[in-house]
Amino acid sequence: ERRIMPRATKERDLRKKPYEKPGAEKKAKADAHLFPSTPKTFGIGGTVLPKRDLTRFVKWPQYVRLQRQRSILLRRLKVPPAINRFSHVLDKNLATNLFKLLIKYRP
């Protein structure tokens with residue numbers, strides 16, 4: 001007794017699997033990496049956390065803190081121009097040379 005298998009029609013074949021492009025299989029093989037990348041887990045026993053910038057929490061020397069506070073204050077405060085002239089004065093060496101010159105032209 002031979003069993004006769006029903007013939008597969010074209011319609012049935014089309015229903016079974018959709019049309020695939022001829023180069024699709026090669027592309028899938030090329031994308032498969034030897035070492036696939038996995039997302040990092042930073043939980044307990046997982047990946048070590050990346051180093052953070054902790055400069056904000058450092059106890060800076062007093063002169064550093066003072067100069068930073070001063071620069072911020074000068075940015076925030078509005079100083080009248082008449083008073084602001086004295087914020088950029090001559091250094092001692094240049095001032096002595098200027099006064100020597102002015103003494104010569106004194107009446």
*Tell me, do Y63 and L66 make a side-chain contact under 4.5 Å, heavy atoms counted?*
no
*For the side chain of S87 and the backbone of I83, is there at least one donor-acceptor N/O pair under 3.5 Å apart?*
no
*Are more than 12 heavy atoms from other residues, nucleotides or ligands located less than 6.0 Å from atom CZ of F42?*
yes
*Roughly how far apart are L77 CG and N84 CG, rounded to 0.5 Å?*
11.0 Å
*Would you name the heavy atoms of T96 and N93 that are closest together and state the gap between them?*
OG1-O, 2.7 Å
_For the student: nearest non-hydrogen atoms of W60 and R65, plus distance_ = O-NE, 3.1 Å
*Is V79 reachable from F86 through a run of I, L, V, M, F, W or Y residues, each pair having side-chain heavy atoms under 4.5 Å apart?*
no
_Reported CD-to-CD distance for the pair Q62 and Q69, which is rounded to 0.5 angstrom_ = 9.0 Å
*Are F99 and L101 connected in the hydrophobic side-chain network, where two residues link if heavy atoms are under 4.5 Å apart?*
no
